[in-house]
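What follows is a single structure, written as structure tokens, with notes after it.
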Amino acid sequence: MKAPVRLAAYGAGLVVAFGAAFGLAGVAVPDSVVTAWAKSSDSNAHGEGHSDTEEQNKEHAMNGVSASAAGYILSPVTAPSGTNDAGTLSFRILDEDGQPVTEYTTTHEKDLHLIVVRTDGTQFRHVHPDLDEATGTWSESSWSWDEAGTYRVYADFTAGQDAEGVTRTRAVEVAGDYAPVEATVSRTVEVDGYTVTLDGDLAAGSTSELTATVERNGKPVTALQPYLGAYGHLVALREGDLAYLHVHPAGEEPQAGSTGGPDVGFAAEVPTAGRYLLYLDFQVDGQVRTAEFVLDAGHGDGNQADDESHSGGH
């Protein structure tokens with residue numbers, strides 16, 4: 001664990017630039033851990049040109065690394081500024097004309113998935129805020145932060161009749177003493193008495209099959225309930241820039257009222273070799289729990305060049 005550092009809440013130029021245009025003031029600020037991402041986000045939002053380098057062009061194509069791309073913008077995020085505060089977390093999705101988006105296509109049983117995680121990979125949350133269709137504002141009430149630090153906020157959605165979903169992200173600073181946690185490889189975790197193991201290997205540039213197995217007291221759990229259209233929902237982030245990766249559940253969508261387990265399968269695609277943070281949401285007896293894993297991806301057939309800066313040098 002690294003030595004604690006002190007984070008102060010402050011109004012950033014990013015907020016000033018977008019606040020006047022979108023009518024939202026917040027605590028969204030660039031994240032020093034992902035400086036390259038922040039620069040590309042600002043450049044995209046203001047219509048400036050992109051770098052011509054192959055690596056930066058590749059990054060612009062990655063999902064979940066910028067606030068603006070493909071005609072949609074995640075506005076600055078309004079949220080409590082410190083761990084001693086409580087309030088509402090809110091934001092809007094804007095189109096290329098700066099107008100709020102109010103029509104969405106339901107994906108995985110929700111119109112929008114909000115993922116929040118600290119930049120060291122801890123403090124993961126997956127929630128589904130409410131939409132005010134009159135203003136286009138998404139909000140999650142009674143929001144508070146358990147720990148200080150820099151957080152990434154992801155909005156995962158499909159707008160209107162678009163064929164594909166998109167993920168937009170911003171950083172939020174939470175004031176207070178911050179002690180980052182170093183991620184280490186972990187395939188088996190304990191969550192509220194459940195033992196969850198993730199089998200399978202990630203390989204850059206190819207689709208990998210992963211299987212999560214849920215046990216309790218050494219016995220397989222076969223009472224997994226459908227959650228977001230599957231017996232488990234998996235989110236994957238690349239360590240370093242925290243690029244948001246698509247992970248698809250395997251098999252048919254379960255019927256309402258059915259149960260499954262102990263195994264839940266997924267197909268994951270990772271673009272580069274390096275370290276990845278994975279978060280499995282699963283539901284038993286109406287309660288959703290999250291198992292957090294860390295895996296290293298090796299080079300696969302046809303993989304892109306590895307860039308260790310993306311994976312924190314691991």
Side-chain angles (χ1 to χ4, degrees), residues 1 107-110 113-118 120-128 146-147 154 156 181-204 206-239 242 244-270 273-298 300 311-312 314:
M1 179 178 296
T107 305
H108 297 301
E109 300 184 347
K110 299 293 181 180
H113 298 264
L114 183 69
I115 307 298
V116 180
V117 64
R118 201 166 68 174
D120 62 355
T122 65
Q123 304 299 313
F124 175 89
R125 276 189 273 185
H126 178 179
V127 299
H128 304 103
D146 291 334
E147 294 188 17
Y154 301 85
D156 187 352
V181 178
E182 182 177 356
T184 58
V185 173
S186 175
R187 287 183 173 271
T188 300
V189 297
E190 299 287 335
V191 184
D192 295 339
Y194 292 89
T195 301
V196 189
T197 302
L198 190 64
D199 292 317
D201 295 316
L202 296 175
S206 61
T207 299
S208 303
E209 294 183 359
L210 302 176
T211 301
T213 302
V214 184
E215 298 180 334
R216 187 177 179 90
N217 298 324
K219 298 180 179 180
V221 174
T222 58
L224 298 180
Q225 298 170 322
Y227 177 64
L228 302 178
Y231 288 121
H233 187 275
L234 188 66
V235 169
L237 304 174
R238 184 169 61 182
E239 187 186 58
L242 296 184
Y244 187 98
L245 308 178
H246 288 295
V247 180
H248 306 284
E252 299 293 328
E253 182 174 339
Q255 298 297 316
S258 64
T259 57
D263 297 333
V264 185
F266 300 92
E269 301 177 22
V270 298
R275 183 153 293 181
Y276 289 84
L277 316 173
L278 301 98
Y279 308 85
L280 171 70
D281 290 331
F282 65 96
Q283 181 172 246
V284 179
D285 294 332
Q287 182 176 350
V288 177
R289 297 172 172 85
T290 303
E292 303 182 5
F293 308 95
V294 179
L295 298 183
D296 283 339
S311 58
H314 297 287

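One-based numbering along the sequence shown. The basis for the numbers below is simple: all heavy atoms, side chains too, and nothing from hydrogens, waters or symmetry mates.
- Side-chain N or O atoms of N217 include none that pairs as donor or acceptor with a backbone N or O of K219 at under 3.5 Å.
- Side-chain N or O atoms of R275 include none that pairs as donor or acceptor with a backbone N or O of T184 at under 3.5 Å.
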Quick one, V127 with V116, criterion side-chain contact (heavy atoms from CB on, under 4.5 Å). Give me CA distance, side-chain angles, the key distance, then yes/no.
CA-CA 8 Å; V127 299; V116 180; 5.6 Å; no
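- Under the 30°/60° scheme for interplanar angles, the aromatic rings of F124 and Y279 are found to lie parallel.
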Are R118 and V181 close enough, and set up right, to give a side-chain contact (heavy atoms from CB on, under 4.5 Å), and what steps lead you there?
CA-CA 10 Å; R118 201 166 68 174; V181 178; 4.2 Å; yes
Give the intermediate values and the outcome of side-chain contact (heavy atoms from CB on, under 4.5 Å) for residues V264 and F282.
CA-CA 9 Å; V264 185; F282 65 96; over 6 Å; no
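- Using modelled atom types, no side-chain atom of H128 and backbone atom of E109 make a donor-acceptor pair closer than 3.5 Å.
- Under the side chain to side chain contact (heavy atoms under 4.5 Å, CB included) test applied with L280, the options V189, V196, L210 reduce to a single match, V196.
- Although no hydrogens or angles enter the test, the distance criterion places a donor-acceptor pair under 3.5 Å between the side chain of Q225 and the main chain of G286.
- The one candidate from D192, V191, D281, V235 that meets the side chain to side chain contact (heavy atoms under 4.5 Å, CB included) condition with T290 is D281.
- The two residues S208 and A203 make their nearest non-hydrogen contact at OG-N, 3.2 Å.
- Test T197, T213, D199 against T188 for side-chain hydrogen bond (donor to acceptor under 3.5 Å, both in side chains) and you get one pass: T197.
- Annotation for K110 and L228: closest pair CG-CD2, 3.9 Å, computed over non-hydrogen atoms.
- Between L295 and R187 the shortest side-chain heavy-atom distance falls below 4.5 Å.
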Chi angles and distances behind the side-chain contact (heavy atoms from CB on, under 4.5 Å) call for D156, I115:
CA-CA 8 Å; D156 187 352; I115 307 298; 5.5 Å; no
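- In this pair, H113 and H233 present their aromatic rings parallel. The plane angle is below 30°, not in the 30 to 60° band.
- In terms of modelled atom types and a separation under 3.5 Å, the side chain of Y231 and the main chain of T259 share a donor-acceptor contact.
- You'll find the side chain of P262 reaches within 4.5 Å of the side chain of T222, heavy atoms only.
- Within 6.0 Å of CD in E190 there are more than 12 heavy atoms belonging to other residues, nucleotides or ligands.
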